[in-house]
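Below: one structure, written as structure tokens.
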Amino acid sequence: MKSMSPTEKSLLQVETRAVLAGRNASETFGFVNVPPYRGSTVLYPNAADCLAHRNRYTYGRRGNPTMDALESAWSELEGAAGTVICPSGASACTTALLSCLKTGDHLLMVDSVYRPTRNFCDNILTRYGVETTYYDPQIGAGIAALVRPNTRAIFMESPGSQTFEVQDAPAIVAVAKKHDITTLIDNTWATALLFRPLDFGIDISINAATKYPSGHSDVLIGLVAANAKALPALKAMHGDLGVYLGPDDIALTLRGMRTMPLRMREQGANALQIAKHLERSPHVVRVMHPGLPSCPGHEIFKRDFKGASGLFGIVLKAETDKQVETFLDHLSLFGMGYSWGGFESLAVPFDATPYRTATEFKPGGRAVRLNIGLESPVDLIADLDAALAAMAGA
Ligand SMILES: Cc1ncc(COP(=O)(O)O)c(C=O)c1O
């Protein structure tokens, strides 16, 4: 096989990169996939190397070939200087935040953020003297007014994974750069395939790879990719916290990543088709999908994103909680469960109204979040229509 130059590689399409990245058959005895390397102890060839910690690998937690494969593959997809692997998406968010904050610092956090990330700020960061101010996801350049002399980090999640507002990341980054503030984004919804945060000047890109990269609802994993400026502190925090994920879950994520572009393309197209269908339903008040003009930030979505993934929300024309239950219980093809990004369709009720502090979220009714899987959209639409009709009759 002829090897490719870095320039030739840089011209490859993302589907090709997802297949090739992190693989080196000369290091795996010709086998296509790197196996899960299990191990804590790494043996050194002699005392001098042992004393100097001079070995390609030094200790299981500090790296092994399975970790290297995923880290380098993910860095390639993100265009990052490096990536660290965490045991969940939640721990990826907390490790990334800890890497750029210290006592006395101020954090700007988007109000639409994933609830456990909010809990970390309110319950843990406060204990260590870090103050958080929540901001309107639609704030854009207006974030300048919230910056204080001690603001050290701005965290985005775009779109919000429950309420789907799209943020003006370039406008926020421009303000952050003026004040030398580190920017982070929870990019789980889009992944680097649909929005590459580092290309927009964001320093740290976080992905709950539990969702699309692993893709099969059988793994919990988080990935944090960083540019050269943010990487040293990220690696140091990751190492000092003792964060580690077992090799089997990493190997499963590598396996999922090979088909991620195909899955996401299919799920994204099917979700948009279903969202447009539901927008016309007499039993749906509103559809929250960044690809629809009614979604806050839709113009920014069109400007910055290459496409949409398979998660969106709907607001039901339901007067009672019982009617929402009727809708959910009449679905045959949608499982009811938390998480998303897997190959199977899911529906969960949600209420983002009680915990926002900077903005009010007023959906105008009872909301349900849909994860569109790889089933035919024809079948999914029929299933949703039947459940909506049952709800309306209840
Ligand atoms: C946007 C977002 N970020 C982070 C997470 C956390 O991921 P995990 O469940 O792997 O901890 C989730 C999980 O649902 C999520 O939706």
Side-chain angles (χ1 to χ4, degrees), residues 70 74 83-98 109-121 123-124 134 137 155-167 169 184-195 197 202 204-225 238 241 243-246 248-250 252-253 256-257 260 264 267 271 288-290 297 305 308-313 335-342 344-352 355-356 361 367-373:
L70 181 58
W74 195 251
T83 295
V84 298
I85 301 171
C86 298
S88 67
S91 77
C93 293
T94 59
T95 304
L97 278 167
L98 286 173
M109 172 60 73
V110 66
D111 207 22
S112 50
V113 73
Y114 176 59
R115 187 96 183 260
T117 309
R118 177 183 279 269
N119 292 344
F120 177 72
C121 298
N123 302 338
I124 310 290
Y134 291 95
F155 192 104
M156 296 167 254
E157 181 178 310
S158 178
S161 60
Q162 280 203 321
T163 47
F164 300 98
E165 304 94 328
V166 182
Q167 292 192 247
L184 308 90
I185 189 166
D186 183 332
N187 195 40
T188 302
W189 187 87
T191 79
L193 301 185
L194 303 178
F195 179 80
I202 297 169
I204 298 180
S205 169
I206 301 161
N207 201 286
T210 305
K211 320 298 179 198
Y212 288 112
S214 64
H216 294 73
S217 306
D218 49 7
V219 171
L220 281 148
I221 177 169
L223 298 171
V224 189
H238 183 266
L241 286 172
V243 173
Y244 175 77
L245 178 68
D248 297 285
D249 288 342
I250 296 174
L252 282 171
T253 305
M257 204 193 68
M260 180 170 74
M264 286 192 74
Q267 287 172 267
M288 293 172 279
H289 185 300
F305 286 63
S309 67
L311 186 78
F312 66 95
M336 230 179 304
Y338 294 94
S339 202
W340 48 281
E344 83 292 12
S345 288
L346 297 169
V348 278
F350 75 90
D351 181 8
Y355 53 83
R356 288 233 187 172
F361 176 65
V368 170
R369 193 176 71 174
L370 299 177
N371 174 60
I372 301 304

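Read the numbers this way: they start at 1 and go in the same order the structure lists the ligands and their atoms. All residue numbers refer to positions in the sequence shown, counting from 1. This is a predicted model, so every value here is computed, not measured.
Of all protein heavy atoms, the one closest to atom 5 (C) of ligand 1 is Y114 CE2, 3.2 Å.
The shortest heavy-atom distance from W189 to ligand 1 is not under 4.0 Å.
Residue-level proximity to ligand 1 for A90 is carried by backbone and side chain together, each with a heavy atom below 4.0 angstrom. If you look at W340 next to ligand 1, the close heavy atoms, those under 4.0 Å, all belong to the side chain.
Inclusion of A208 in the set of residues having an N or O under 3.5 Å from an N or O of ligand 1 is not warranted. Polar contact with ligand 1: present for T210 (N/O pair, distance under 3.5 Å). Residue-to-ligand polar distances place K211 within reach of ligand 1: an N/O pair is separated by less than 3.5 Å.
Applying the 4.0 Å criterion to heavy atoms of S161 picks out, from ligand 1, the atoms 1 (C), 16 (O). Counting atoms of ligand 1 from 1 in the listed order, those under 4.0 Å from a heavy atom of G89 are 6 (C), 7 (O), 8 (P), 10 (O), 11 (O).
By heavy-atom distance, the residue among T188, D186, I206 lying nearest atom 3 (N) of ligand 1 is D186.
Using modelled atom types, no side-chain atom of S158 and backbone atom of V166 make a donor-acceptor pair closer than 3.5 Å.
Ring pair F195/F305 is parallel by interplanar angle, where below 30° counts as parallel and above 60° as perpendicular.
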